[in-house]
Amino acid sequence: MKQSHLFTKTKKESPSDEVSLNAELLIKAGFINKEMAGVYSYLPLGLMVIKKIENIIREEMNAIGGTEMKTSIFQNKETWEKTGRWSDDVVDNWFKTKLKSGGEVGLSFTNEEAYSNILKQYINSYKDLPIYPYDFKDIFRNETRSKSGILRGREFYWKALYSFSKNEEEHNEFYERAKLAYKNIFNRAGIGHLTYMTFASGGTFAKFSHEFQTLTGAGEDTIYIDEDKNIAINKEVYTDEVIESLGLNKDSLVEKKAIEVGNIFSLGTKFSEPFDLKYKNENGEEKLVTMGSYGIGLGRLMGTIVESLSDDKGIIWPESVAPFKVHLLLLGDDDKTKKEADKLYEELLSKSIEVLYDDRTDVSAGEKFADSDLIGIPFRVVVSKRSLEDHGFEIKKRTEEKGKIVGSEELFNLLETSH
RNA sequence: CGGGGUGUGGUGUAACGGCUAACAUUCCUGUUUUGGGAACAGGCGACUCUGGGUUCGAAUCCCAGCACCCCGACCA
């Protein structure tokens, strides 16, 4: 994509109504636009990142047997009354609205009810199980206080997978696979080294749920980490009894601030009971389905990456989620340099290397460098009079201070072997 | 929902109760520039969040509302 076609521009000043680093950088660099407190639009660059993250999650979910679908934002009152969660006394953060015909509808704030209701039609026999449907979906929560930029919004985009299993054993087997899939996701998203699987309260049907907590000062949660064993405990279950039951030692636990980027949860029969979600086993007996839920907030994950990987010049995207792999900068406006840069741009495109081409000729070199650092694309390639007088192109990683001048062959070699 | 703070051109800020609301940036015109947010010249852009009140006079003081930020509570 040519930068002259990208309508967003970077801002020099930080927005006055944002304090959080993720919102500040993402707004300055033109990834998102704030609509109101806790509500953000994703601009072209932001959407590219979201889609990259979405694809990573999709691949990992499909790899463990997930089946993608798309449930409606609109929620049926009757369905929710089955679990008692329609009531504002039980769930106080609903966004609800009225139909012209008189009824009420809610906007999704979670998906268990919708899934249980749909899957009831399709689960009859033990032969129908297990199944692992999932959604990418906008979720709405009327938070009393949204905060921290895109880390906690009133509207957010998430992935939710629900597992429907015959029994505890089958559920547990999948649950373990889901843990690994989640680890893969956060590794691939570039924050694996900062992310800990964390024991948290489990509800009625399991002793624990598991959160994936990424260390960042902007975190809302307090966790206690055992760095050797690479696991952590959420403050909410940080008791002597729990520490002991996990075989941990209080002295080796370190307190840290973290943000919850993912959560997996055993639901047992909490939802299959009210929905009468049963199957017939081999002996013709009716059994309740055992469920689990597995969520990741994509916007929150994006914000967390920004929070934990940026520097004082801007964002540093991991290659896996960066909007582009290469930021190609044209410096100078003489015909020869421009022609060389155009040619390189076409070559990158023909090799399917994602590139943002700063082809603007009315912008100074300094401004292009500053923009490039702020936007945070992993590789910066400069074409200028100076580079052409040497071997051809200057390539520099966003994480490096100095680049090096390389010829075309070496350039493509470097780009094609990196991912 | 409790507490605290802030609302001024698109953006970031300034302005003792008193002149035509200032500066920077963005944007537009032109000239010169092109390796770290270039230089010069000219120009566009504001009912100072809304509604009341005090005053000869309000961006400034008072009241109410709304919005945004922060702390806390809450967070399938």
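These figures come from a predicted structure and were not determined experimentally. Throughout, protein chains are lettered first and strands after them, A, B, ... in sequence-line order, and every chain is numbered starting at 1.
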*With P as the reference atom in both, quote the distance from B:C1 to B:G9 in angstrom, rounded to an integer.*
28 Å

_Measuring from atom CD of A:Glu155 to atom CG of A:Asp138, what distance do you get when rounded to the nearest 0.5 angstrom?_
5.0 Å

*Have a look at A:Trp80 and say if it touches a base, only the backbone sugar-phosphate, or nothing, with a 4.0 Å heavy-atom cut-off.*
nothing

_Tell me the interatomic distance from A:Gln213, atom CD, to B:C75, atom C1', rounded to whole angstroms._
13 Å

*Does a side-chain N or O from A:Ser16 land closer than 4.0 Å to OP1 or OP2 of B:G12, or not?*
yes

*asked:* Parallel, tilted or perpendicular, judged at 30° and 60°: which one describes the rings of A:Tyr175 and A:His171?
replied: tilted

*asked:* Applying ring pair (Phe, Tyr, Trp, His ring centres under 6.0 Å), can you list everything that pairs with A:Phe275, at least two apart in sequence or on another chain?
replied: none

*Starting at CG of A:Asn33 and ending at P of B:U11, how long is that distance when rounded to a whole Å?*
11 Å

*asked:* If I take atom NZ in residue A:Lys368 and atom P in nucleotide B:G36, what distance separates them, rounded to the nearest angstrom?
replied: 14 Å

*Can you tell me how far NZ of A:Lys397 sits from CD of A:Glu319, rounded to the nearest 0.5 angstrom?*
7.5 Å

*How far does the P atom of B:U6 sit from the matching atom of B:G10, given to the nearest Å?*
23 Å

*Using a 4.0 Å heavy-atom cut-off across all strands, classify A:Ser20 as base, sugar-phosphate, or nothing.*
nothing

*Side chain of A:Pro15 (C-beta onward), nearest among B:G37, B:G12, B:C75*: B:G12

*Rounded to the Å, how far apart are A:Asp358 CG and B:G35 P?*
14 Å

*Using the C1' atoms only, state how far B:C28 lies from B:C74, rounded to an integer number of Å.*
50 Å

*Round to the nearest Å and state the distance from A:Asp17 atom CG to B:U11 atom P.*
9 Å

*Picking from A:Ile123, A:Leu129, A:Asp128, what satisfies side-chain contact (heavy atoms from CB on, under 4.5 Å) with A:Lys166?*
A:Leu129

*Which value, in whole Å, describes the distance between the P atoms of nucleotides B:A64 and B:G4?*
13 Å

*What integer number of Å spans the P atoms of B:G57 and B:C19?*
15 Å

*Base, sugar-phosphate, or nothing for A:Glu394, non-hydrogen atoms under 4.0 angstrom?*
base

*Got a salt bridge between A:Asp390 and A:Arg386, using NZ or NE/NH1/NH2 to carboxylate O under 4.0 Å?*
no

*asked:* Does the structure show a Watson-Crick or G-U wobble partner for B:G42, both distances under 3.5 Å? Name it, or say none.
replied: B:C28

_Base-pairing assignment for B:G17 (Watson-Crick or G-U wobble, both under 3.5 Å)_ = none

*Ignoring hydrogens and angles, does a donor from either the side chain of A:Glu13 or the base of B:G12 sit under 3.5 Å from an acceptor on the other?*
no

_Students often get this wrong, so: under 4.0 angstrom with heavy atoms, is A:Asp373 touching a base, only sugar-phosphate, or nothing?_
base

_Tell me whether the rings of A:Phe208 and A:Phe199 are parallel (<30°), tilted (30 to 60°) or perpendicular (>60°)._
perpendicular

*When you compare B:U60 with B:G43, how far apart are their P atoms, in angstrom units rounded to a whole number?*
30 Å

_I'd like to compare against my own output: the B/S/- annotation of nucleotides 28-34 of chain B with a strict under-4.0 Å heavy-atom distance to protein._
------B

*Rounded distance in Å - NZ (A:Lys28) to C1' (B:U25)*: 13 Å

*What interatomic distance, in whole Å, is found between C1' of B:A46 and the corresponding atom of B:U31?*
31 Å

_Side chain of A:Lys12, heavy atoms from C-beta onward: which of B:C68, B:U25, B:C75 has the nearest atom to it?_
B:U25

_Nearest atoms (heavy-atom pairs only) where A:Glu170 meets A:Pro130_ = OE1-CB, 3.4 Å

*asked:* Students often get this wrong, so: under 4.0 angstrom with heavy atoms, is A:Ser148 touching a base, only sugar-phosphate, or nothing?
replied: sugar-phosphate

_Counterpart residues, side-chain contact (heavy atoms from CB on, under 4.5 Å), relative to A:Val91 (two or more places apart)_ = A:Arg85, A:Asn93, A:Trp94, A:Phe109

*asked:* With a 3.5 Å limit on both atom pairs, tell me what B:C1 is paired to, counting Watson-Crick and G-U wobble, or say none.
replied: B:G72

*Over how many whole Å does the gap from A:Glu18 atom CD to B:C69 atom C1' extend?*
8 Å

*Take the protein atom CZ of A:Phe393 and the nucleotide atom P of B:G35, then report the distance between them rounded to whole Å.*
18 Å

*Pairing nucleotide - B:A59, Watson-Crick or G-U, each distance under 3.5 Å*: none

*Count the heavy atoms belonging to other residues, nucleotides or ligands that lie under 6.0 Å from NZ of A:Lys179, then report whether that count exceeds 12.*
yes

*Using purine N1 to pyrimidine N3 plus N6-O4 or O6-N4 for Watson-Crick, or N1-O2 and O6-N3 for G-U wobble, both under 3.5 Å, which nucleotide pairs with B:U6?*
B:A67

*Any strand: nucleotide that pairs with B:G37 via Watson-Crick or wobble, under 3.5 Å*: none

*Describe the nucleic acid contact of A:Asp371 in one word from base, sugar-phosphate, nothing, applying a heavy-atom distance below 4.0 Å.*
base

_Inter-nucleotide C1' distance (B:U48, B:C61), Å rounded_ = 16 Å

*asked:* Students often get this wrong, so: under 4.0 angstrom with heavy atoms, is A:Lys34 touching a base, only sugar-phosphate, or nothing?
replied: sugar-phosphate

*5'-most contact on RNA chain B: A:Arg85 or A:Met36, nearest heavy atom basis?*
A:Met36

_What's A:Arg380 touching, base or sugar-phosphate or nothing? Going by heavy atoms closer than 4.0 Å._
base

*Check whether any side-chain N or O of A:Arg145 sits under 4.0 Å from OP1 or OP2 of B:C69, and answer yes or no.*
no

_N or O in side chain of A:Lys402 less than 4.0 angstrom from B:G35 OP1/OP2_ = no

